[in-house]
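Let me begin by presenting the structure, written as structure tokens, before commenting on it.
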Protein chains: 2
Amino acid sequence: MIRADFALRHASQLATMLPREDDPLGRINDGALAAREGRVVWIGDDRDLEAQVTLDGDLLDAAGACVIPGLVDAHTHPVFAGSRADEFAERVSGVAYHAQQSGERGIARTVRATRDSDVVTLTELAAARANRFIANGTTTIEAKTGYGLDLEHEARSLEVLRQVAEQTRLRVIPTFLGAHVVPAGVDRRAYLRSLMDEMLPAFKPWAVFCDAWCEAPAFTAAETRAVLGRAKSLGYEIRVHAAQLAPGEGPDIAAELGARSADHLEFATPAQIKALAKAGTVAVLCPSANFTTRGPRPPIEAMREAKLPIAIASDLNPGTSNSESLPLAMSLACVQWGMTPVEVLAGATMHAAHSLKLDGLAGCLRPGSFADCIVVDAESPEAIPYYVGVNRVLQTVVGGAVWQPL
Amino acid sequence: MIRADFALRHASQLATMLPREDDPLGRINDGALAAREGRVVWIGDDRDLEAQVTLDGDLLDAAGACVIPGLVDAHTHPVFAGSRADEFAERVSGVAYHAQQSGERGIARTVRATRDSDVVTLTELAAARANRFIANGTTTIEAKTGYGLDLEHEARSLEVLRQVAEQTRLRVIPTFLGAHVVPAGVDRRAYLRSLMDEMLPAFKPWAVFCDAWCEAPAFTAAETRAVLGRAKSLGYEIRVHAAQLAPGEGPDIAAELGARSADHLEFATPAQIKALAKAGTVAVLCPSANFTTRGPRPPIEAMREAKLPIAIASDLNPGTSNSESLPLAMSLACVQWGMTPVEVLAGATMHAAHSLKLDGLAGCLRPGSFADCIVVDAESPEAIPYYVGVNRVLQTVVGGAVWQPL
């Protein structure tokens with residue numbers, strides 16, 4: 001008998017997200033799982049649960065709903081203050097996103113509002129976002145800094161992420177994004193020097209990943225190579241914000257550095273896509289940001305052909321995607337881009353986990369994985385994107401315990 | 001002193017949705033309201049509440065969030081069973097919606113599943129949808145039948161709507177939509193005869209409105225004129241599902257009959273739009289259905305120019321819009337169509353209420369109106385569509401009482 005301190009049963013379909021020859025979702029019909037100390041210890045047919053598992057703890061009855069792994073969001077910006085609702089309204093009236101990035105608007109405006117807030121406020125705001133992530137089915141996020149943009153305020157953003165992970169039960173994987181843009185009023189070369197000589201070494205203990213935005217209005221290819229090359233030599237894993245607004249070298253740099261992810265990629269070329277696939281990089285696509293900026297469709301067919309894994313992310317941020325909902329991003333990727341429900345399910349679980357080096361731990365359900373899963377009011381996992389913009393998540397389980405809003 | 005049994009206070013912005021010269025949303029900063037027996041009895045500045053109102057009942061503290069009227073959804077199909085998730089998946093892979101309407105697919109499939117369900121099941125399903133409407137901020141819906149399509153099963157759908165209104169606190173305005181499509185396996189002329197001679201007279205006591213879908217694959221212009229002409233002579237108010245998939249006479253018929261609403265209208269011509277405006281009809285646009293069917297943008301500019309009031313609706317239905325969320329529909333109308341936040345707020349409140357003959361009662365807040373409002377976690381009413389696909393509604397008040405999920 002296997003001992004467990006948590007079990008879930010009566011899942012009409014339990015998607016392990018470990019592809020089998022007969023099913024890309026590796027599903028178990030009428031499935032159950034059991035966990036101990038936060039990890040899955042048993043998964044199988046509901047009818048075998050009682051015979052194989054001794055439970056001393058909570059039993060969650062999925063009552064015929066679907067169960068899938070907790071969603072993994074590979075690209076988010078949850079530490080910020082202030083609103084850019086007026087820029088949203090301007091954009092729907094025809095103003096382009098890049099035209100909003102000059103002077104004290106766009107990202108610069110969020111940087112100012114974030115610096116002007118104290119840690120308590122920033123933590124409250126980010127924790128509220130964490131709770132919305134969990135309520136909408138996400139149990140793990142990659143979380144970028146990038147609205148502090150100096151040693152003091154980037155450190156504070158990392159501290160906020162640490163506190164949010166401690167206060168909520170969301171799993172938070174921090175990414176240092178000092179190379180988001182050059183902050184307003186600072187000499188470009190001086191900022192790059194501080195980034196490379198002060199911030200990168202200082203933050204290594206606190207951030208797994210380093211990210212840079214490689215295109216106007218952010219950093220040139222040469223600057224991106226310098227920053228991320230230095231980050232890599234310090235032991236960071238690399239992510240690159242690449243080819244969102246125009247063609248550019250971002251995807252090449254991601255491939256050269258063996259980045260874990262290249263993000264956005266609306267303007268990536270077929271050759272770049274092949275190079276990313278060869279480098280083992282994951283394409284992290286951001287349908288909600290693409291939607292509100294009315295960006296072009298990313299080259300999905302070239303990605304499929306190159307067998308480049310595609311993750312789907314919310315890109316939560318105050319400028320282009322004020323949404324913690326991965327199910328919405330999945331619906332958008334299906335409707336706008338023609339991705340299939342199976343592709344977006346894999347994109348919001350296993351491929352996203354792979355981009356975060358969490359293979360086998362998050363984004364799948366198997367003995368040894370985190371006991372993170374969601375109970376969804378849907379007739380099948382494939383039906384999840386069919387419910388557009390309404391939250392069908394009935395329960396979120398994190399580390400073998402049902403999440404309750406605070 | 002005004003006596004009240006419910007009050008709400010500390011709304012950072014309270015939008016009455018009664019336009020003033022200085023503000024199309026008629027907002028009160030730091031506002032409050034009081035209600036008695038389900039109706040608003042006082043509305044004003046928070047600082048005046050205590051001096052002017054004697055409260056014997058619940059006090060809701062909006063704690064600095066925004067307050068707007070409960071949303072009004074002027075086009076929904078909440079009585080159905082069965083799933084068409086596979087048709088959603090087919091469509092994102094390139095199959096057109098109208099190509100899914102032949103044989104036992106599309107609407108015909110939902111009709112079969114609905115007929116095969118008992119009243120208890122249908123009521124449970126519809127009540128779950130009603131609860132999702134309320135949770136997402138909608139307090140009044142127009143609700144169509146149209147998946148029964150014979151005397152017995154259309155009557156049953158109306159009975160389900162009656163029970164849902166009784167069980168939940170959603171305000172449900174029933175529309176008889178026997179003229180949704182001709183049901184599979186039934187002679188077209190025989191169906192039209194039953195519709196006009198049996199169903200229309202029988203259902204008059206139960207439905208305020210009569211609706212018809214005027215275009216292929218549903219009804220011709222001549223059939224629509226016959227059905228809706230008969231309905232009008234029986235005293236029904238008229239709605240017309242018009243020019244969604246192709247140009248056609250639907251909008252003309254709506255104008256001729258003085259319909260309360262003409263719905264969808266993607267292919268309406270400028271002349272038709274002028275005629276609708278002259279007839280006092282409301283354009284009920286359905287952004288979510290337009291989104292999943294990848295329909296063209298409706299002629300918004302021509303509507304603005306003609307001063308045709310535009311309502312925004314969810315069009316909840318299992319084929320093209322599996323979403324009870326009006327905030328999502330509002331976001332989609334902004335991003336996809338370039339409508340402004342002010343336009344979509346008016347469209348989901350006062351114009352929707354006007355199309356349902358609920359002027360002054362629903363979709364606005366003033367002494368005498370229903371005490372239906374929502375407390376929204378947003379910096380302003382205009383910011384609501386900026387939050388895409390996540391539910392920012394903190395509390396829904398229906399008839400002067402805070403709604404709690406059952």
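Per chain, numbering begins at 1; letters A, B, ... match sequence-line order. Worth saying up front: this structure is predicted, and the values here are computed from it rather than measured.
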Task: Minimum heavy-atom distance between B:P385 and A:F88, given as atom pair plus value - done: O-CZ, 3.4 Å
Open item on the list: Just so I understand: if I count every heavy-atom pair under 4.5 Å between each of B:S83, B:P341, B:P327, B:S325 and chain A, which residue has the most?
Closed with: B:S83
Task: Flag if over 12 foreign heavy atoms under 6.0 Å of CD, B:E305 - done: no
Open item on the list: Heavy-atom cut-off 4.5 Å, strictly under: side chain, backbone, both or neither for A:D86 against chain B?
Closed with: neither
Open item on the list: If you count heavy-atom pairs within less than 4.5 Å of chain B, which of A:G338, A:C334, A:A383 leads?
Closed with: A:C334
Open item on the list: With chain B as the partner, which of A:E324, A:E382, A:R84 has the greatest number of non-hydrogen pairs under 4.5 Å?
Closed with: A:R84
Task: For the student: nearest non-hydrogen atoms of B:T292 and A:V388, plus distance - done: CG2-CG2, 4.4 Å
Task: Shortest non-hydrogen contact between B:R294 and A:Q336, atoms and distance - done: NH1-O, 3.2 Å
- [ ] Check A:V390 against B:N322 and note the closest heavy-atom contact, atom names and distance.
- [x] CG2-O, 4.0 Å
Open item on the list: At a heavy-atom distance under 4.5 Å, which candidate from B:F291, B:Y386, B:W337 has the highest pair count against chain A?
Closed with: B:Y386
Task: Which atom of B:M339 lies closest to which atom of A:V92, heavy atoms considered - done: O-CG2, 3.4 Å
Open item on the list: If you count heavy-atom pairs within less than 4.5 Å of chain A, which of B:R91, B:E87, B:E379 leads?
Closed with: B:E379
